[in-house]
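Proteins get letters first, then strands, A, B, ... in listed order; numbering begins at 1 in each. Keep in mind it's a predicted model, so treat the numbers as computed, not measured.
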There are 2 protein chains.
Amino acid sequence: MATEARRPGRPATLEDVARVAGVSRATASRVINGSPTVDAALRRKVEEAITATSYAPNRAARSLVTRRTDSVALVVSEREQRQLATPFIGRMFTDPHFGRVVSGLLQVLRPAGMQTVLMVADDEASRRQVLTYLRQGHVDGVVLISSDPNDPLPRMLSETALPTVLAGRPGRSAALPYVEVDQRAGAQLAAERLVAQGRRLIGTVAGPQDMPAAQERLEGFRGALAALGVTGLPWAEGDFTRAGGAAAMRRLLADHPGLDGVFVASDLMALGVVPVLLRAGRRVPEDVGVVGFDDSEAAEASEPALTTVRQPVEDMACEMARLLLRQIREPGAAPPSVVFRPTLVVRESS
Amino acid sequence: MATEARRPGRPATLEDVARVAGVSRATASRVINGSPTVDAALRRKVEEAITATSYAPNRAARSLVTRRTDSVALVVSEREQRQLATPFIGRMFTDPHFGRVVSGLLQVLRPAGMQTVLMVADDEASRRQVLTYLRQGHVDGVVLISSDPNDPLPRMLSETALPTVLAGRPGRSAALPYVEVDQRAGAQLAAERLVAQGRRLIGTVAGPQDMPAAQERLEGFRGALAALGVTGLPWAEGDFTRAGGAAAMRRLLADHPGLDGVFVASDLMALGVVPVLLRAGRRVPEDVGVVGFDDSEAAEASEPALTTVRQPVEDMACEMARLLLRQIREPGAAPPSVVFRPTLVVRESS
DNA sequence: CACCGACGAGAGAGCGCTCTCTCCGGCTCG
DNA sequence: CGAGCCGGAGAGAGCGCTCTCTCGTCGGTG
């Protein structure tokens, strides 16, 4: 304890630890990095010196030489929100889905000693800023969440050779591993449920058809219905918002008042769909069955509670983190993408 | 372009830039850091060399010498979630409120060139991990969001002398600047609204009374009612969840069936309160007026839409970021805390 | 014409760490 | 008994950057 705080106000360095322990800097470093070739007695002395000086390694110095940073970037890429009066960065942050992804990521990254840097790219300038930052080598890898199918970021990232994992398949094909749920299989679950309940006049409120995931849910649903002998699928497009879902349902109902089943491509939209049905005098599920997608918080909050296709979001996020760590640890080996199987969660609405 | 990529696969260094530009490393550094004492011609040559080599400064090296990192930590501190079967890190992430805070923070931090590192402290071990990380000097400052009034983290942080800003007043008094909304003033707005509508049998669904904010909303509401001549406030405690709000409302209604007004200490709880009232045969707002708190997404989603006390969350988060930046730029000068005025947003429920 | 101040640019010393290389001493084995 | 080997520890060279110090040059002044 004697030689602590040699320099006023500055945290202890490895040099300090070594001096206090009476060993060389190299040995102190060995102890800290868990090298096995250190005598037990010396190891103890160094460990004591570490607590005595309350030493914490300087990550900048370490990363300067190791070229690792033990941190990854979580990049949220979204369409520019020019039209908004108040600048609102990171619309996606208020989406509980995003929170579940973060939670899953941290579940894996935290035990691995990896820190997470949060970044948003929502226009040309910020994209460049993000890319520059990433290229500075301040992170070992990138998790990219992109809601925009025309997002140039995946391609740009694939050119940096930085380990990267995408949430969802990239719109334009960038050769990057991604993690996704099997959209078609999910749509099939929904179709089977509705048909099994004897419903035959089935429609769907689809998501934006420029998004691959939304396309596949629609296509998958149509295909599954056809396989079950139900053809001619009326549908309307929503924008994955509650209000958009409500509007789409109104259109659908106006054209097809006889509907007895609806597959809604997201729970959030379903939250808009159900009240429209109720107000139109339909009982749910008695008159019209509703099946959502996601199994988000909204599904349980809905009245009646939503029967929905569950995406194992947290598990998927964990898998993303694992794929990323693997890339970081074994450079060059781009791991395969992983597609998760959805499940059907039966509640009240169908 | 001739001398680019001297070392295979490695990004260009300042040395490379200097060589290409035909100047010393010092001069190249001056250009990059915007020093005014550089000849215009040389400056141009250096800038050309930078683009030619596609140079990006190594932040680790820079921060090693400057002792700045140009990044801050966003620490989310929450009560341990032992009881959960699935480990769920960062329950708070799924709260849209959190997203709004992040959005506000980034609005200020991003233009300031500050990166944001996301961290969660939810038990003793993770708290230590976070604290160690912060002490390693890997961030210049900390934004702490804590939902637990007994959280030891604020005190621990105030001992590190690291610039810090809290979201909300710390439970135990830690001498750290915070940003908050004036809870009492908000409760007063709610009281005035309900009373102005001629309601006299007013109750409240309060938040957990071990949380200062929840206490103040209750106290402030009681005080404001008294000032308006309404005494004897029936109340029940909820846990700031929808289900908790519903349960509290049921208790309240059982004991006081004649209620004609309810102040609910959060919009999320109000989302549980309203259906309870409706199912008990009360019309909202005709029979019972409901005023929420937060002006969250939930308020607009509610049916009927909630009249609520608005917290300017994004503005508050911006202010937090500003306070933090000020502390970072002027070390030693702990800025004062800032208390925001809430406003009343009138919708349908009251 | 000699001197001085100002200004622009370079040299070089670190920042704190890791990691290779070297060295030393004790052991085994021919 | 000497050569070789190996485990364990130290010396020291950087990693890429900033920043102080120094130096050279030029214009102005007595």
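Look at CG on B:D39: it is 15 Å from C1' on C:dG10, rounded to the nearest Å. Between the CG atom of B:N33 and the C1' atom of C:dG8 there is a distance of 17 Å, given to the nearest Å. Going from atom OH of B:Y55 over to atom C1' of D:dG16 covers 7 Å, rounded to whole Å. When rounded to the nearest whole Å, the span between CG of A:D16 and C1' of C:dG16 equals 10 Å. One interatomic measurement links the two molecules: CZ of B:R25 to P of C:dA13, which rounds to 11 Å at whole-angstrom precision. When rounded to the nearest whole Å, the span between CG of B:L64 and P of D:dT18 equals 11 Å. Here C:dA9 presents its C1' atom at 8 Å from CG of B:L42, a figure rounded to the nearest Å. Between A:R59 atom CZ and C:dT18 atom P there is a gap of 12 Å when expressed in whole angstrom units.
Put simply, the side chain of A:Y55 does not reach to within 4.5 Å of the side chain of A:D16, judged on heavy atoms. Between B:L131 and B:L153, the closest side-chain pair of non-hydrogen atoms falls below 4.5 Å. A:H138 has its side chain out of reach of A:S71: every pair of non-hydrogen atoms, C-beta onward, lies at least 4.5 Å apart. Residues A:P154 and A:L144 have side chains in contact (heavy-atom distance under 4.5 Å, counting atoms from C-beta outward). For the pair A:L162/A:V139, a side-chain contact is recorded, criterion being any heavy-atom separation below 4.5 Å from C-beta on. Counting heavy atoms from C-beta on, the side chains of A:V17 and A:V20 never come closer than 4.5 Å. The closest side-chain heavy-atom distance from B:L323 to B:V179 is below 4.5 Å.
With distances taken from any side-chain atom of A:A26 to the nucleotides C:dC17, D:dG10, D:dG16, the minimum falls on D:dG10. Considering only side-chain atoms of A:V65, the nucleotide from C:dC15, C:dC17, C:dG10 that sits closest is C:dC17.
A:R30 contributes a side-chain N or O that forms a donor-acceptor pair with the base of D:dG10 under 3.5 Å.
Regarding contacts with the backbone of D:dA9, every side-chain N or O of A:S24 stays at 4.0 angstrom or more from both OP1 and OP2. Considering only side-chain N and O atoms, A:T37 lies nowhere under 4.0 angstrom from the phosphate OP1 or OP2 of D:dG7. Contact annotation: A:T13 side-chain N/O to C:dG16 OP1/OP2 distance is not under 4.0 Å. Between B:T27 and C:dG10, a side-chain N or O to OP1/OP2 separation shorter than 4.0 Å is present.
One axis for each end of the helix from C:dC1-D:dG30 to C:dG30-D:dC1, each built from five base pairs, and the angle between them comes to 60° at 10° resolution.
Position along DNA chain C of the nearest nucleotide to A:I32 versus B:V38 favours B:V38 as the more 5'-ward residue.
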